[in-house]
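What follows is a set of notes on a single structure, which appears directly below.
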Protein chains: 2
Amino acid sequence: MARYRVGLETRERILSATRRLLAEVGIEGVTLKAITAHARVGAGSFYNLFASKDDAVFEVIREAIESVDPDPAGAGADTLDDLVDAFVAFMTGSSPIARIYLQLAGRGLTDPSIASRVLRSHRRRVERFADAWQREDPSLSEAEAVARAEVMLGALTGLGMTALIDPSFDMRAHANELLPSQQGVAVPPLS
Amino acid sequence: MARYRVGLETRERILSATRRLLAEVGIEGVTLKAITAHARVGAGSFYNLFASKDDAVFEVIREAIESVDPDPAGAGADTLDDLVDAFVAFMTGSSPIARIYLQLAGRGLTDPSIASRVLRSHRRRVERFADAWQREDPSLSEAEAVARAEVMLGALTGLGMTALIDPSFDMRAHANELLPSQQGVAVPPLS
DNA sequence: GCAGAAATGGAACGAACACTCCAATATGTA
DNA sequence: TACATATTGGAGTGTTCGTTCCATTTCTGC
C-alpha cells in the first residue's frame, strides 16, 4: 500500500517500534496504542500501511525466526565451533530478536501455527549442526550426528534462555563445554 | 474465604479448570469467562473464592514451579541417572504442569517477577544436579560440577521444549546422551 | 428446624482492546 | 502549477476484558 517515500519510512518506523516492543513486553503485551505511540503515528496511518496489528507483528516474527540461523550463506562449510559461536553471539547480542525468538518457542507450546514455524527452523538448524558433527568426526553415522546435534541445540537453547533471564550468566563459557574439542576443560569461575 | 464443603469443592474445580486452560491456551489466553465456563460456576462464585483472576492463575503457577523439582524429599541421595530420569518423566508425563512451566520460562523473558521465581527454582535444581555430578566424579571441583549441571539442565530444558512442541520427539533417548555413563552410546534411530 | 453466614448465577459496569471513518494535508507526476 | 492519490491524526465503533453488586438459595452448628 505504501507508494511514497514518507509511507515507506513510516512503515519502517512502525516495524522498528513493534520489534522493540515485542522484545520488551512480549507478544501479548504489544498493543496497537503502544505501537502507534512509539512510532509516533496515528491509528489511521497504521491501518493505511498494515492490514491488522497481527500483520505487523507477524512480519517481525518472520524476521526473528529467519535470523536465528546464523550466516545461512556459508552453509556447508561451518565448523561446530563456528556454529556454536554464531549461536551464542545471536543470543547474547544486543538485538531484540533473540528474545522474540525464545518467546515464540514458548508460545509454540500452545499455538500450533507458531509451533510449526519454530519446528521447521529448528529442523533446518539441526541439519546444519549434524553436518558439522560429521565433518568433525567422520566415523559418526548420520543418525548419531543428528542425535548429537539435537542435544547440542537443546542445550544451546536452554543456556540461551538462562542467559537472557539472568544477565550475569556467562553463556559463552558454558556453551564451549558442549564442543568435543573442549570436552573436560574447566569453565572459568563465575564472577 | 471458603468455609463450607461446597465452597472448597468449587475452589478445586476452579483451580483444575485454570490448570487445564493454562496448559492448553497459555497464560494470556486464559479468560475469566473460560475459567468459569469450564468450572461451571458464575462469576460471583469465582470472586467469592478468589480475590482476582490472577490470584487463581498464580496459585497454579506456584504449583507448577514447585513441582518441577522431581522428588524433593530424597535430596542429597539421587544419582545423575535418577535426576535425568525424573526430569524426563516430568516433561513427557501427562500432567499439564510441564507445559505451564516452560511457558513461564518464556514469559520470564519479559516479566521480571516471573523471571525471579523461575531463576530461583532453576538455581535450586542446578545445585542438586551439581551435587550429583560430584558424587559421580569426586575429582570434579565444585565450579566444574556446577558448570556441568548448568549445561545439563540447559540441554534438558531445551530438549523438553522440543519434545512438547514435537510429540514424535524421543526425549528420553536424547537425554541419555547427556549422561557420562552413556557418553558415545548411539541413540536409536527415530521412528 | 432455625438463624446466620457462605455460596450462587447473572446482570451491569468501566476500562482497554483492535479497528473504521473521514476531513485535512502532503506528495509525486506531467 | 495543477491534479490525482497517498498519507495523516484522531474521534468514534463495537467487542471483550476483569470485576462488582445483589437477590436468591444452600449450607452447617446449635
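Chain letters run A, B, ... following the sequence lines, proteins first, then strands; residues in each count from 1.
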Quiz item: What's the CZ-C1' distance between R5(B) and dA5(C), to the nearest Å?
Solution: 16 Å
Quiz item: Is R11(B) touching bases, backbone alone, or none of the nucleic acid, heavy atoms closer than 4.0 Å?
Solution: nothing
Practice problem: Select base, sugar-phosphate, or nothing to describe what S45(B) touches, counting heavy atoms under 4.0 Å on all strands. | Solution: base
Practice problem: Figure out the CZ/C1' separation between R13(A) and dT7(D), and round it to whole Å. | Solution: 11 Å
Quiz prompt | Nucleotide dT8(D), atom C1' - distance to CD1 of I14(A) in whole Å | solution = 11 Å
Exercise. Counting heavy atoms from C-beta on, name the nucleotide in dT20(C), dA11(C), dT8(D) closest to the side chain of A43(A).
Key: dT20(C)
Quiz prompt | Closest listed nucleotide, where the reference is the side chain of A2(B) and the choices are dA7(C), dT19(D), dG9(C) | solution = dA7(C)
Practice problem: List the atom of L83(B), the atom of A132(B), and the distance in Å for their closest heavy-atom pair. | Solution: CD1-CB, 3.7 Å
Quiz item: Taking atom types as modelled, is there a side-chain donor on T79(A) or D82(A) under 3.5 Å from an acceptor on the other?
Solution: yes
Practice problem: Would you mind reading off the distance between Y47(B) atom OH and dG10(C) atom P, rounded to a whole angstrom? | Solution: 17 Å
Practice problem: For G7(B), answer base if it contacts any base atom (sugar-phosphate contacts may also be present), sugar-phosphate if it contacts only those atoms, and nothing otherwise; contact means non-hydrogen atoms under 4.0 Å. | Solution: sugar-phosphate
Quiz prompt | Test: E9(A) and R5(A) ion pair at under 4.0 Å | solution = yes
Quiz item: Of the nucleotides dT8(D), dA7(C), dT20(D), which one has an atom closest to the side chain of L49(A)?
Solution: dT8(D)
Quiz item: CG of L8(A) versus C1' of dA26(C): gap in Å, rounded?
Solution: 15 Å
Practice problem: Write down the distance between CZ (R40(B)) and C1' (dA7(C)), rounded to a whole number of angstrom. | Solution: 16 Å
Exercise. For S121(A) and Y101(A), test the side chains for any donor-to-acceptor distance below 3.5 angstrom and give the result as yes or no.
Key: yes
Practice problem: Map V41(A) and G44(B) onto DNA chain D by nearest heavy atom, then report which one ends up closer to the 5' terminus. | Solution: V41(A)
Quiz item: Can you check whether T36(A) has a side-chain N or O nearer than 4.0 Å to OP1 or OP2 of dG9(D)?
Solution: no
Quiz item: Among dT19(D), dT7(D), dA6(C), which nucleotide sits nearest the side chain of R3(B)?
Solution: dA6(C)
Practice problem: Using five base pairs at each end, measure the axis-to-axis angle across the helix from dG1(C)-dC30(D) to dA30(C)-dT1(D) and round it to 10 degrees. | Solution: 30°
Practice problem: Please determine, for the side chain of N48(B), which listed nucleotide (dT27(C), dT19(D), dA7(C)) has the closest atom? | Solution: dA7(C)
Quiz prompt | CD/E142(B): more than 12 non-hydrogen atoms of other groups inside 6.0 Å | solution = no
Quiz item: Considering only dA6(C), dT20(C), dT27(C), which nucleotide approaches the side chain of Y4(B) most closely?
Solution: dA6(C)
Practice problem: Nearest whole angstrom, please: distance from the C1' of dT13(D) to the CG of L32(A). | Solution: 14 Å
Exercise. Could you tell me whether V30(B) contacts a base, only the sugar-phosphate backbone, or nothing, with contacts defined as non-hydrogen atoms closer than 4.0 Å?
Key: sugar-phosphate
Quiz prompt | Parallel, tilted or perpendicular: rings of H174(A) and F169(A) (30°, 60°) | solution = parallel
Quiz item: Which residues pass the side chain to side chain donor-acceptor pair (under 3.5 Å) test with D85(B), sequence neighbours left out?
Solution: R172(B)
Quiz prompt | Gap between atoms NZ and P, on K53(A) and dA16(C) respectively (whole Å) | solution = 16 Å
Quiz item: So does R19(B) pair up with E63(B), basic N to acidic O under 4.0 Å?
Solution: yes
Quiz item: Counting just side-chain N and O atoms, does T31(B) come under 4.0 Å of either OP1 or OP2 of dT16(D)?
Solution: no
